[in-house]
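Single-structure report; data block below.
Side chains are part of it too, since the values below use all heavy atoms of this structure and drop only hydrogens, waters and symmetry mates.
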Amino acid sequence: MNRVYVCSCFGVTEQQVKQHAESGACTPRQIASACKAGTDCGSCVRRIQAILGRGACPRRELVDEGRPVLSELEGLEEAA
């Protein structure tokens with residue numbers, strides 16, 4: 001299996017970043033909260049930004065409202 005590492009400090013792959021993005025992480029900060037990528041030396045932040053793209057967030061409205069968007073928090077929203 002060919003793994004492309006985005007964050008060598010924490011061993012986070014491009015595929016993992018994409019999975020977190022599909023789960024609702026729209027910013028490098030949200031990716032960092034999900035898997036720590038970008039929180040040590042910071043050299044991967046630009047690569048994370050490139051993977052996320054611009055305006056490609058499926059839950060932009062939630063982000064704009066300041067509401068949680070990561071998949072782990074979806075159950076809390078459904079219960080409300």
The reported gap from CG in L52 to CD1 in I31 (rounded to nearest 0.5 angstrom) is 5.0 Å
SG (C35) and CD (Q30) are apart, to the nearest 0.5 Å, by 11.5 Å
Filter on salt bridge (charged side-chain N to carboxylate O under 4.0 Å, His left out), then keep only pairs touching residues 26-38, sequence neighbours left out; what's left? none
Among residues two or more places apart or on two chains, list those pairs meeting side chain to side chain donor-acceptor pair (under 3.5 Å) that have a residue in residues 4-18. T13-Q16, E14-K18, E14-R47
Could I get the full list of side chain to side chain contact (heavy atoms under 4.5 Å, CB included) partners for C44, not counting sequence neighbours? V6, C7, I48
What's the shortest heavy-atom distance between D40 and C9, and which atoms? OD2-SG, 3.5 Å
